[in-house]
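What follows is one structure encoded as structure tokens, with my remarks underneath.
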Amino acid sequence: MAIKHYDIVVKGKVQGVFFRASTKAVADQLGIRGRVRNEKDGSVCIEAEGEETFLKHFIDWCREGPEKAEVDSVLYEEGPEKGFQNFVVIKKNLLW
């Protein structure tokens, strides 16, 4: 199967609700590689790579998020593959 890359932005009440940690858990379960970080505007930015079928399930999960999240929108677009080896949570003040 071909590997796809998506840049995903999740908006709503998505910080302070374990969104990043939950995203990593779901990504690991689906075999998705990439990274997730909080943005200053309150959104969560995700770079995700994997088989398209699993990425679609991942994006569907992003529309719900963890229990305490309130997702308003999920925007995503395909981008160039970056060859991530695993899925990581980016902590505060670290650059991509």
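Note that the coordinates shown come from a computational prediction; the quantities given were computed from them, not determined experimentally.
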Margin query: Do Val89 and Val44 sit in one hydrophobic cluster, given that two such residues count as connected whenever their side-chain heavy atoms are within less than 4.5 Å of each other, even indirectly?
Written below: yes
Next item on the list: Would you list the pairs meeting salt bridge (Lys or Arg N to Asp or Glu O under 4.0 Å) in which at least one residue belongs to residues 65-80, sequence neighbours left out?
Entry: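 Passing the test, one end in residues 65-80: Lys4-Glu78.
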Next item on the list: Begin from the C-alpha positions of Asp28 and Val26 and carry the test side chain to side chain contact (heavy atoms under 4.5 Å, CB included) through to its verdict.
Entry: CA-CA 5 Å; Asp28 288 347; Val26 171; over 6 Å; no
Note to self: Using the rule given for side chain to side chain contact (heavy atoms under 4.5 Å, CB included), can you reason through Val17 versus Lys13, listing the C-alpha separation, both sets of side-chain angles and the distance that settles it, and then say yes or no?
What the structure shows: CA-CA 8 Å; Val17 294; Lys13 183 183 171 192; 4.0 Å; yes
Notebook entry, point to check: What residues form a side chain to side chain contact (heavy atoms under 4.5 Å, CB included) with Glu64, not counting sequence neighbours?
Noted result: none
Notebook entry, point to check: Which heavy-atom pair separates Ala48 from Leu55 by the least distance, and what is that distance?
Noted result: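 So the two residues come closest at CB-CD2, 3.7 Å.
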Next item on the list: Please list all pairs passing the ring-ring contact (aromatic ring centres under 6.0 Å, His included) test where one or both residues lie in residues 45-69, with sequence neighbours left out.
Entry: Phe19-Trp61
Does a side-chain heavy-atom distance below 4.5 Å link [X] with [Y]?
| X | Y | value |
| --- | --- | --- |
| Val36 | Ile90 | no |
| Ile3 | Arg33 | yes |
| Val14 | Val71 | yes |

Distance from [X] atom [atom1] to [Y] atom [atom2], nearest 0.5 Å?
| X | Y | atom1 | atom2 | value |
| --- | --- | --- | --- | --- |
| Leu75 | Lys11 | CG | NZ | 6.0 Å |
| Ser43 | Arg37 | OG | CZ | 9.0 Å |
| Ile8 | Cys45 | CD1 | SG | 9.0 Å |
| Glu52 | Tyr6 | CD | OH | 4.5 Å |
| Arg20 | Thr23 | CZ | OG1 | 9.5 Å |

Note to self: Taking Asp60 first and then Lys56, would you say they form a salt bridge - that is, a charged N and a carboxylate O separated by under 4.0 Å?
What the structure shows: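 So Asp60 does not pair with Lys56 through a salt bridge.
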Notebook entry, point to check: Between Glu49 and His5, do the side chains contain an N or O donor and an N or O acceptor separated by less than 3.5 Å?
Noted result: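 His5 and Glu49 do have a side-chain donor-acceptor pair below 3.5 Å.
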Item checked: Over 12 non-hydrogen atoms of neighbours within 6.0 angstrom of CZ in Phe84 ->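 Above 12, so yes.
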Next item on the list: Please lay out, stage by stage, how Lys82 and Arg35 fare under the test side chain to side chain contact (heavy atoms under 4.5 Å, CB included).
Entry: CA-CA 11 Å; Lys82 296 188 177 177; Arg35 53 193 171 189; 4.2 Å; yes
Margin query: Is there a side chain to side chain contact (heavy atoms under 4.5 Å, CB included) between Tyr76 and Ile46? Walk through the geometry before answering.
Written below: CA-CA 9 Å; Tyr76 62 95; Ile46 305 165; over 6 Å; no
